[in-house]
*Asks:* 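I have a structure here, written as structure tokens, and I will follow up with some questions on it.
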Amino acid sequence: MEHDRLLRRKTLFLFVFCMCLMPVRASEDRAFYFSNIHLKDGLSQLSILSICEDAKGYMWFATRNGLNRYDGEQFTIYRHENEPPYSLSYNHTTVLLPDLSGKGLWIGTTNGLNYLDFATDRITSYQREYSPGLAGNDILSLCFGVEGRLIVGTRTGLCYTGSDGEEFLPIPLGGGWRRKSPSWQSAKTVREHCLSVRRPRDSGHVNRI
């Protein structure tokens with residue numbers, strides 16, 4: 001009798017053990033297939049620095065030679081034109097961020113910040129020469145903070161959009177750092193409502209907003 005109960009327990013244990021292994025085995029046997037997109041497919045440049053998807057499902061790629069929109073079949077390329085005002089401020093794009101309304105896309109470049117209005121397909125450019133509140137023209141990171149205001153990280157400091165959405169206001173980093181040359185300030189990462197900043201020439205100093 002005792003032998004029969006022990007045998008049933010062993011059988012049940014073996015059954016449960018095998019059932020637990022089945023999903024693992026299935027996941028190990030699952031095959032993943034990747035396809036590649038090249039210049040011959042219409043991509044403007046092979047160095048992809050940022051990728052995002054908009055509300056309509058278009059994929060956007062920031063490259064060193066223009067902004068690329070991909071609809072699954074073909075590319076539309078946005079580049080700097082010799083005669084503004086409705087083109088990119090520079091072809092070297094660095095970071096992308098769809099706006100919260102789904103109506104446009106913020107585009108950082110190494111020479112200015114840009115906003116693409118999907119309805120008009122026009123780009124508005126912001127550069128420090130014409131928007132003094134912008135912390136710098138070399139845009140490294142973007143995110144939305146409190147009340148949906150855009151936070152911009154550049155190589156020479158941080159800023160955010162004012163209540164009108166057009167004016168840029170500085171984000172002071174505190175202490176005596178700001179009074180020194182701001183060239184050391186480098187926005188490294190932006191995650192939701194917190195932004196980290198590193199000091200390249202003086203390790204160990206990180207600010208959190």
Side-chain angles (χ1 to χ4, degrees), residues 34-81 84 86-128 131 134-145 148-161 165 168 171 185-198 200 206 208-209:
F34 296 88
S35 59
N36 298 313
I37 299 175
H38 296 277
L39 297 177
K40 61 182 177 59
D41 301 307
L43 189 65
S44 66
Q45 206 263 344
L46 292 179
S47 296
I48 309 299
L49 304 180
S50 182
I51 300 174
C52 74
E53 181 180 7
D54 66 24
K56 293 185 177 180
Y58 290 111
M59 297 299 300
W60 296 84
F61 303 92
T63 78
R64 289 189 171 93
N65 187 25
L67 172 68
N68 294 242
R69 186 187 73 182
Y70 186 55
D71 63 7
E73 295 183 358
Q74 60 184 6
F75 283 92
T76 300
I77 311 299
Y78 295 81
R79 287 191 176 96
H80 172 72
E81 303 294 340
Y86 301 120
S87 69
L88 280 175
S89 59
Y90 202 61
N91 285 334
H92 190 156
T93 54
T94 55
V95 60
L96 306 174
L97 180 68
D99 71 6
L100 297 177
S101 68
K103 296 180 180 180
L105 178 70
W106 288 100
I107 308 136
T109 76
T110 55
N111 190 28
L113 179 66
N114 302 262
Y115 179 78
L116 171 61
D117 187 320
F118 292 152
T120 62
D121 205 38
R122 288 183 171 182
I123 294 175
T124 302
S125 298
Y126 302 90
Q127 292 177 300
R128 188 169 173 79
S131 302
L134 188 64
N137 286 333
D138 195 347
I139 312 299
L140 299 181
S141 51
L142 300 169
C143 81
F144 291 109
R149 297 190 183 187
L150 180 70
I151 299 176
V152 183
T154 79
R155 289 193 184 278
T156 51
L158 310 174
C159 62
Y160 67 100
T161 52
F168 292 94
I171 299 178
Q185 297 171 1
S186 174
K188 184 63 176 174
T189 56
V190 176
R191 295 186 184 279
E192 297 181 357
H193 299 162
C194 137
L195 194 151
S196 300
V197 181
R198 69 180 176 87
V206 177
R208 248 177 106 80
I209 296 175

*Asks:* Taking side chain as C-beta onward, heavy atoms only, is Asp54 less than 4.5 Å from Leu105?
*Replies:* no
*Asks:* Which heavy atom of Leu113 sits nearest to which heavy atom of Val152, and what is that distance?
*Replies:* CD2-CG2, 4.0 Å
*Asks:* If you measure from OG on Ser101 to CZ on Phe118, what distance do you get to the nearest 0.5 Å?
*Replies:* 9.0 Å
*Asks:* Among all residues two or more places apart in sequence or in another chain, which pass the salt bridge (charged side-chain N to carboxylate O under 4.0 Å, His left out) test with Arg149?
*Replies:* Glu147
*Asks:* Under the ring-ring contact (aromatic ring centres under 6.0 Å, His included) rule, what do Phe168 and Tyr126 come out as? Steps first, then yes or no, please.
*Replies:* CA-CA 10 Å; Phe168 292 94; Tyr126 302 90; 5.4 Å; yes
*Asks:* CD1/Ile171 to OH/Tyr160 distance, rounded to the nearest 0.5 angstrom?
*Replies:* 7.0 Å
*Asks:* Atom CG in Leu39, atom CG in Asn65: separation rounded to 0.5 Å?
*Replies:* 9.5 Å
*Asks:* Specify the closest pair of heavy atoms between His92 and Arg64, including all atoms of both residues, with the distance to one decimal.
*Replies:* NE2-CG, 3.5 Å
*Asks:* Go through the structure and list residues passing salt bridge (charged side-chain N to carboxylate O under 4.0 Å, His left out) with Asp138, not counting sequence neighbours.
*Replies:* Arg155
*Asks:* Indicate the atoms forming the closest heavy-atom contact of Gly66 with Arg79, along with that distance.
*Replies:* CA-CG, 4.2 Å
*Asks:* Can you name the one residue among Leu49, Ile51, Leu116, Leu67 that meets side chain to side chain contact (heavy atoms under 4.5 Å, CB included) with Leu96?
*Replies:* Leu67
*Asks:* Where do Gly148 and Leu100 come nearest, in terms of heavy atoms and distance?
*Replies:* CA-CD1, 3.7 Å
*Asks:* Test your reading of the model: is there a side-chain donor-acceptor pair from Ser131 to the backbone of Leu134, 3.5 Å cut-off?
*Replies:* no
*Asks:* Could I get the full list of side chain to side chain contact (heavy atoms under 4.5 Å, CB included) partners for Arg69, not counting sequence neighbours?
*Replies:* Tyr58, Trp60, Thr76, Tyr78
*Asks:* Begin with the C-alpha distance, continue with both residues' side-chain angles, and end with the deciding distance and a verdict on side-chain contact (heavy atoms from CB on, under 4.5 Å) for Thr120 and Tyr86.
*Replies:* CA-CA 10 Å; Thr120 62; Tyr86 301 120; over 6 Å; no
*Asks:* With sequence neighbours excluded, what pairs up with Asn91 under the side chain to side chain donor-acceptor pair (under 3.5 Å) test?
*Replies:* none
*Asks:* Could you pull out all residues at least two apart from Asn36 that satisfy side chain to side chain donor-acceptor pair (under 3.5 Å)?
*Replies:* none
*Asks:* Can you name the ring-ring contact (aromatic ring centres under 6.0 Å, His included) partners of Tyr115, sequence neighbours left out?
*Replies:* Trp106
*Asks:* Got a sec, which residues hit side chain to side chain contact (heavy atoms under 4.5 Å, CB included) with Gln127, two or more places apart in sequence or on another chain?
*Replies:* Ser89, Asn111, Glu129, Tyr130, Asn137
*Asks:* By side chain to side chain donor-acceptor pair (under 3.5 Å), which residues pair with Ser44, not counting sequence neighbours?
*Replies:* Thr63, Asn68
*Asks:* Who passes side chain to side chain contact (heavy atoms under 4.5 Å, CB included) against Ile37, sequence neighbours left out?
*Replies:* Asp41, Leu43, Tyr70, Phe75
*Asks:* Kindly give the heavy-atom pair with the smallest separation between Ser87 and Glu81, and that separation in Å.
*Replies:* OG-N, 3.0 Å
*Asks:* Quick check: do Asp117 and Ile123 have side-chain heavy atoms less than 4.5 Å from each other?
*Replies:* no
*Asks:* Before you tell me yes or no, could you show the steps for Thr109 and Ile139 under side-chain contact (heavy atoms from CB on, under 4.5 Å), namely the whole-Å CA-CA distance, both residues' side-chain angles and the distance that decides it to 0.1 Å?
*Replies:* CA-CA 6 Å; Thr109 76; Ile139 312 299; 5.5 Å; no
*Asks:* Ser35: which residues meet the side chain to side chain donor-acceptor pair (under 3.5 Å) condition with it, sequence neighbours left out?
*Replies:* none
*Asks:* In Å and rounded to the nearest 0.5 Å, what is the CG to CD1 distance from Leu88 to Ile107?
*Replies:* 5.5 Å
*Asks:* Within the 4.5 Å heavy-atom criterion, are Leu140 and Val95 side-chain neighbours or not?
*Replies:* no
